[in-house]
Protein chains: 4
Amino acid sequence: MDKSIETKKRILFAASELFSIKSYDTITMREIAKRANCSHTTIYLYYKDKSDLLEKLAIPPLLTLAKRIDRIRSRKTLDPLGKLKVIGRGMINFSIENRSLYLTYITVNSIKVDEDDFSSEINAVRNSLFNSLKKVILLNNPYLTEEEALKYGRMIFFQIHGTIMSYINSNEEGLSIRQRVIPILEEALEFLIQGILDKAGPQIK
Amino acid sequence: MDKSIETKKRILFAASELFSIKSYDTITMREIAKRANCSHTTIYLYYKDKSDLLEKLAIPPLLTLAKRIDRIRSRKTLDPLGKLKVIGRGMINFSIENRSLYLTYITVNSIKVDEDDFSSEINAVRNSLFNSLKKVILLNNPYLTEEEALKYGRMIFFQIHGTIMSYINSNEEGLSIRQRVIPILEEALEFLIQGILDKAGPQIK
Amino acid sequence: MDKSIETKKRILFAASELFSIKSYDTITMREIAKRANCSHTTIYLYYKDKSDLLEKLAIPPLLTLAKRIDRIRSRKTLDPLGKLKVIGRGMINFSIENRSLYLTYITVNSIKVDEDDFSSEINAVRNSLFNSLKKVILLNNPYLTEEEALKYGRMIFFQIHGTIMSYINSNEEGLSIRQRVIPILEEALEFLIQGILDKAGPQIK
Amino acid sequence: MDKSIETKKRILFAASELFSIKSYDTITMREIAKRANCSHTTIYLYYKDKSDLLEKLAIPPLLTLAKRIDRIRSRKTLDPLGKLKVIGRGMINFSIENRSLYLTYITVNSIKVDEDDFSSEINAVRNSLFNSLKKVILLNNPYLTEEEALKYGRMIFFQIHGTIMSYINSNEEGLSIRQRVIPILEEALEFLIQGILDKAGPQIK
DNA sequence: GATGAATGAGCCTTCATTCAT
DNA sequence: AATGAATGAAGGCTCATTCAT
C-alpha cells in the first residue's frame, strides 16, 4: 500500500520534472518511467493515459498558484501596488518552475480540448486567477466600475503574460530570466497602475 | 504553371492555418495535405521537408511586418505616441491576419533551433523589430540612455505580445478581437509611455 | 523521328552507366532521367517500366559477350589454352564494364524472376555461354565425353565466376582489378586445363 | 523470458531466410515480421534497426565457419590436399546451411560499408578465413613465398567461391547441390594444387 | 504490485508510375 | 515528342497502449 503510493508519487514527480523542461509532445511514457525508475507499463496502473497524467499534474500547481495569489491579495502588510508586484513575481516564478505547464494552461495547444473535464477545470482556475487580478486592481483604485476593473485586469495580465511568453520556450536559466525580467515587469506595473490611478480615478483626488 | 503555383499556395495556406492552432510536432504532413486538398506526397514536390515548409512559411510575412513598422516609424505626420499606437495596432492586425504564424516567430517552439540558417534569419527579423520599437521609444523620450531605451522597448513589446497571445489561439473573429483588445492596448501604451516620460526624463521638464 | 531515337538512346546509355556502378534497387528513374537530360516521365514513353528498361539494357551486352566468346572460340591463331585465357579475360572485362549487369545475369536477385520472357531470354544467353565454354574445353581435350565436358565446363566457369564475384560489388578501379586478378585467373586456367588433360585424357598420350 | 528468446530467434531465422534469397534493400522489416509471425514493431524490441539485425545475423555463423576451418587445418590425420578438400566441403556445407548469409559476407552488397564496426568485424573474420586458406596452401607447398601463398590462396578461394555462387540463389535441395558440386570442386582442388606443386616448387624435386 | 512482451496506429519520406497538357 | 503535376504504395521507425504473467 505504502509502496504503491510512493511509486505513484515518483511517477508524478518524474513527469512534472519533464514537463517543466520539455513540451507535452516530446515527452514519452518510457522517458517518464525511466526517470521514475519503473516500467512504463506501471504508469498505466495509476493513470488512465498520458493526458490523464498531465491533468493530474497540471491542476495542483495551478491551484497552488491561484491560492498563492489569493493569499497575497489579502495580505495586510502590503500596499496595493506592492501586492501587484508580488503577484507578478509569483507568476513569473511559477512560469519558470512549471515552464511547459504554463504554456499548457494558457495556450491549450497540446491537450485535446474536447475533454471537457479538463478544460473546464483549467478554465475555472484561470478565471479565479483573473478575478484575483481584478480584485487587486480594485484595491488599487476602488472607484473603478466593474467594467473598468475587468479592462485593467486584462491590461495587467497582458503585461505579465507577454513578459512570461518572451522566455517560456527558451532554455535560459531561471535566475538569469528573473534578473532580466522582473525589474522590467515591476516598473511596467508601476506605470500601468499610475496610469490607471490618474485616468480612471480623478474623483479620488 | 498556373496550377502548380496555386497548389503551392494552397499548401502554404493550409500549413499556416494549422501552425496557427497546433504546434509543429503535432502537425502531420497528411493533415496539411488534406487541408490543401492534395496528396501528402505533393507537398514534397514543393518543399524539401516539413521544416522547409515551415521556414518558407515564416520568413516572408515577418519581413513584411518589419518593413511596415519601419515605415510607420518614419512617418512625419504622427507624434511619437501616435506612432507607437499605430505600430501596436499594426502588430495586432498582423497577428490576426497571420494568426497562424505569429506564434511561430516569437515562440520558436518547434523548430530545431540548431538549424542556424533559419533561426538566424528569423532572429534577424525579430531583432530589427525590436530595434524599431526601441527607436520609437527614443522618439518619445530622447533623453533615455541606450540601456533604458532597450529596457522600455522590451516593456512595450511585452505588453503588445501579451495582448496578442491572449487570443492568438482562440477562434474569435478578427473584428471582435480588435474591438475588444485595441482600446486596452492603446490605453496601456499611453500609461507606459507616460510612465517612461515621468520617470526617465525628469530633466526634460 | 531522329530526335526521339536519340532520346531513347540517351536514356539507355544513362541507365547503363548507372547500372554499371550501382545496383538495380538503388537506381531511381529520376536519376536516370537527370543523366539522360530529360524528364523522368519521358522514360515511360520508350520503356514500359523500370524492369523493362533493365531488360532492354541487359540483353544486348550479354549477346555481345556470347558472340565475342564464340568468335574467340573459332579464332585460328590461338591454341586452346590461349583461347580459354582470352575468354576469361573477356569475361572479366565484361564484368567490369557491366558491373551490376553481371550480377543481374547470374544472381537473378533483383529482377522479378516470374517474368518469363526475360529470364528465358537471359537463360538462353547464359546457356549459349556455357556451351561455348564446353566447346573450348573440348577443343583442349577432344577425348572427353559429353558429360566430362559439361563437368569441366562448369569447373572452369566456377573459377572465372568466383574471380569475378570477388570484386563485383567493390568500388575498386577497373585497371587495378585487372592487374590483380587476371594473372591469378590465367594461372588457374593453366592448372585446371593441365589437370583436365592429365586426368581425363590418358589415352591421348 | 523463454518466450522472448524464442521470438528473437524466430525473427533472426526469418531474416536469415530472407537474406538468403533477397538483397538487403529489398527486404522489409514488415516482411521479416510476417515470416516471424510477429508485428514489425516487435523486431525493434530486439534489434536497434535493420542494419543491427543484419549484423547480429551475420557475425556468429561466420565465426563458427572460421573456427571450423582452423580446426580442420590443424587436424593431424589428414594430408594437405585432404585438408583442402575438407575445407572446401565445409564451406559448401556452410553456404548451404546459411545460404542466407553466405552472400552477405562475401558480397557486402547491401551494408553501409562506412559503418566501421560492422564491416571491420566482418572483414576480420573474412581475413582470418583467407589466412587459414593460405596456411593450408603452404602446408601443401612449403616452398612458396609469402606472395605466392597469397596468390594461390586467392586462386583456391575463387574456385570455391565461384562454385558456391552458382547455386547460392537457387532453390535447389542441399543434397542435390552437394552431389552435383562437391565432385567438381574436389577435382578442381586437385588440379589446382597439382599446378601449384608443379610450377611453384621445382626445387622440391 | 509490477512488468516484460507485443502490437496498431501513425509519422516522415521516397519512388515508380499515371494524368493532363 | 515531351513534360510538369500529382499520387498511391510502401518503407523504416516511434510511441502510447494493452495483454498475460
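Naming convention: chains lettered A, B, ... in sequence-line order (proteins, then strands); numbering from 1 in each chain.
- If you take CD1 of D:Ile32 and P of F:dG12, they are 8 Å apart, rounded to a whole angstrom.
- Put simply, D:Lys3 has no side-chain N or O that comes within less than 4.0 Å of OP1 or OP2 on E:dA5.
- For DNA chain F, the stems formed by at least three consecutive Watson-Crick or G-U pairs, with both atom-pair distances below 3.5 Å, span E:2-21 with F:2-21.
- B:Met29 places its CE atom 6 Å from the P atom of E:dT13, with the value rounded to the nearest Å.
- Side-chain atoms of A:Arg30 never come within 3.5 Å of backbone atoms of A:His40 as a donor-acceptor pair (strictly under, hydrogens ignored).
- Put simply, the side chain of D:Thr7 gets close to the backbone of D:Lys3: a donor and an acceptor are under 3.5 Å apart.
- Between B:Thr7 and the phosphate of F:dA5, there is no side-chain N or O to OP1/OP2 separation shorter than 4.0 Å.
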If you restrict it to nitrogen or oxygen atoms, what contacts under 3.5 Å exist between nucleotides 7-9 of chain E and the protein, and what is each distance?
from	atom 1	to	atom 2	distance (Å)
E:dT7	OP2	D:Ser39	N	2.8
E:dT7	OP2	D:Thr42	OG1	2.6
E:dG8	O6	D:Thr41	OG1	3.1

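- Every residue two or more places apart in sequence or in another chain was checked for a salt bridge (charged side-chain N to carboxylate O under 4.0 Å, His left out) with B:Asp49, and none qualifies.
- For the pair B:Glu6 CD and E:dA20 P, the interatomic distance rounds to 17 Å; values are reported in whole Å.
- Residues meeting the side chain to side chain donor-acceptor pair (under 3.5 Å) test with C:Thr64, sequence neighbours left out: none.
- F:dC13 atom C1' lies 14 Å from atom CG of D:Asp52, rounded to whole Å.
- For A:Arg35, the salt bridge (charged side-chain N to carboxylate O under 4.0 Å, His left out) criterion is met by A:Glu17, not counting sequence neighbours.
- Residues satisfying the side chain to side chain donor-acceptor pair (under 3.5 Å) test with C:Thr41, not counting sequence neighbours, are C:Ser39.
- Take D:Asn37 and apply the side chain to side chain donor-acceptor pair (under 3.5 Å) test, not counting sequence neighbours, and it matches no residue.
- Between the CG atom of D:Leu53 and the P atom of F:dG12 there is a distance of 11 Å, given to the nearest Å.
- Annotation: side chain to side chain donor-acceptor pair (under 3.5 Å) contacts of C:Glu97 (sequence neighbours excluded): none.
- Atom pair B:Tyr44:OH and E:dC12:P shows a separation of 6 Å (rounding to whole Å applied).
- E:dC11 atom P lies 16 Å from atom CG of B:Asp49, rounded to whole Å.
- Computed from coordinates, the C:Ile27 CD1 to E:dC15 C1' distance equals 14 Å when rounded to whole Å.
- Listed pair A:Tyr46 / E:dG1 fails the phosphate criterion, with no side-chain N or O lying under 4.0 Å from OP1 or OP2.
- Within the structure, salt bridge (charged side-chain N to carboxylate O under 4.0 Å, His left out) contacts touching residues 38-47 of chain D (residues at least two apart or in different chains) do not occur.
- Of the residues near DNA chain E, C:Thr28 and D:Arg10, the one whose nearest nucleotide (by heavy atom distance) lies more toward the 5' end is D:Arg10.
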